[in-house]
2 protein chains.
Amino acid sequence: MSKNCRFAVAVHVCAVLAMNEGKPATSDEIARSVNTNPVVVRRILSSLAKAGLVRSWRGSTGGSVLAREPADISLRALFRAVDDSEGPALHNQPPNPDCPVGAHIVPVLGSIIGRAEAARESALAGVSLADVLGQIRSRAAAAAA
Amino acid sequence: MSKNCRFAVAVHVCAVLAMNEGKPATSDEIARSVNTNPVVVRRILSSLAKAGLVRSWRGSTGGSVLAREPADISLRALFRAVDDSEGPALHNQPPNPDCPVGAHIVPVLGSIIGRAEAARESALAGVSLADVLGQIRSRAAAAAA
DNA sequence: AGGTCATGTAACCAGATTCGTTACACTGGA
DNA sequence: TCCAGTGTAACGAATCTGGTTACATGACCT
């Protein structure tokens, strides 16, 4: 249990919801596909709901569905919904202000890291959930042949 | 002590070495600028040395210097030297192969995440240690005025 | 030769974060 | 009313983080 796999789970969850085409899926069904605990799925769903990406209902006919079309959900939106601060961090102790480097490196590095994170998110912005579904479907078709 | 700040420390360390212009700097001097323990600095220096970015000497006149010109050291090289696997991870449990999503999502997501990481590293590749030094120097000059 | 200083690394610690699990309150429908 | 499902809190084990101590190794200097 080392690294953060919430993004992977979020994409997986949404892919399952998209496959369901409007029929509510329970956290238990989704958890079986992801191979994890239903509570883990519900935690992800809760984050996704706060971001307006899914809708859930309680009760015996409850479950979750996508709140938008798969083509209108970018992986960046999923990423932001579940991973609130990825990537390399800055100093956790402020550096020595008496050294010219220590006095000025933090804002410099901050902007560089910010641009790098933006580049990563742009790459994710170019991929939609519909794209992921398409790739999954074509792989499934290839495997069936 | 939450997130990984080795990259920030690595850039800071190299900036200090570059400021020293060939004169060996001891881990103790560098640690004072970074505001951390000398052993932490030596750990970073050890990774950087394995990547061929710095050279160190023992003994009473020992210390470390850059192995290349600052303009020839990209932040991507520093990043790769100290952060061997950043970013969002895939499933840590393999998903259910009986579900069409679970059966095919891993390679699909893997290639998407790979492209996103490549985009981030490309952004870092466009910045050299010399660029960082230039920004630090101009900020220092502005602060002195 | 001996002393001193600095590197290199192992070992250990506390704090934080991860996900999995249990537990339980709440809710909606049959 | 019962039941199936969500929502969330709480806890635990595994892992990773940087800080610290300790010590062997090596290089210079007198």
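Order of the sequence lines fixes the chain letters, A, B, ..., with proteins taken first and strands second; residue numbering starts at 1 for each chain.
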Taking [atom1] from [X] and [atom2] from [N], how many angstroms apart are they, rounded to a whole number?
X: R55(B); N: dT7(C); atom1: CZ; atom2: C1'; result: 13 Å
X: I30(B); N: dG18(D); atom1: CD1; atom2: C1'; result: 17 Å
X: D28(A); N: dT21(C); atom1: CG; atom2: P; result: 12 Å
X: K23(A); N: dG5(D); atom1: NZ; atom2: P; result: 11 Å
X: N37(B); N: dA6(C); atom1: CG; atom2: P; result: 15 Å
X: L90(A); N: dG18(D); atom1: CG; atom2: C1'; result: 16 Å
X: E29(A); N: dG5(D); atom1: CD; atom2: C1'; result: 11 Å

message = Any base atoms under 4.0 Å from S64(A), or only sugar-phosphate, or nothing? Heavy atoms, all strands.
response = nothing
Side chain of [X], heavy atoms from C-beta onward: which of [options] has the nearest atom to it?
X: R6(B); options: dC19(C), dT6(D), dT17(D); result: dT17(D)
X: Q93(B); options: dT17(D), dG20(C), dT8(D); result: dG20(C)
X: C5(B); options: dT21(D), dG18(D), dT7(C); result: dG18(D)
X: K50(B); options: dT9(C), dT22(C), dT7(C); result: dT9(C)

Within the 4.5 Å heavy-atom criterion, are [X] and [Y] side-chain neighbours or not?
X: H12(B); Y: S33(B); value: yes
X: M19(B); Y: I136(B); value: yes
X: V11(B); Y: F79(B); value: no

query = Given the rule in the salt bridge (charged side-chain N to carboxylate O under 4.0 Å, His left out) test, do R120(A) and E117(A) qualify, once you have shown the distances and angles that lead to the verdict?
reply = CA-CA 5 Å; R120(A) 173 167 63 168; E117(A) 297 297 309; 2.6 Å; yes
task = Provide the closest heavy-atom pair for S64(B) versus L45(B) in the form atom of the first, atom of the second, distance.
result = OG-CD1, 3.6 Å
remark   = Pairs under 3.5 Å (Watson-Crick or G-U), crossing ones as [ ], inter-strand ones as |: DNA chain C comes out as |||||||||||||.|||.||||||||||||
For [N], take OP1 and OP2 only and decide whether either is under 4.0 Å from a side-chain N or O of [X].
X: S46(B); N: dT9(C); answer: yes
X: R58(B); N: dC5(C); answer: no
X: R43(A); N: dT8(D); answer: no
X: T36(B); N: dG19(D); answer: yes
X: T61(A); N: dG29(C); answer: no
X: N4(A); N: dC19(C); answer: yes
X: R42(B); N: dT9(C); answer: no

Please answer: with hydrophobic residues joined when any side-chain heavy atoms are less than 4.5 Å apart, are [X] and [Y] in the same cluster?
X: V82(B); Y: V127(B); result: yes
X: V65(B); Y: V16(B); result: no
X: L66(A); Y: L48(A); result: yes

query = Which sits closer to the 5' end of DNA chain D, S60(B) or D83(B), going by the nucleotide each is nearest to?
reply = D83(B)
ask   = A49(A) or N35(B): which one's nearest nucleotide on DNA chain D is closer to the 5' end?
value = A49(A)
ask   = For DNA chain C, whose closest nucleotide is more 5', that of L45(B) or that of W57(A)?
value = L45(B)
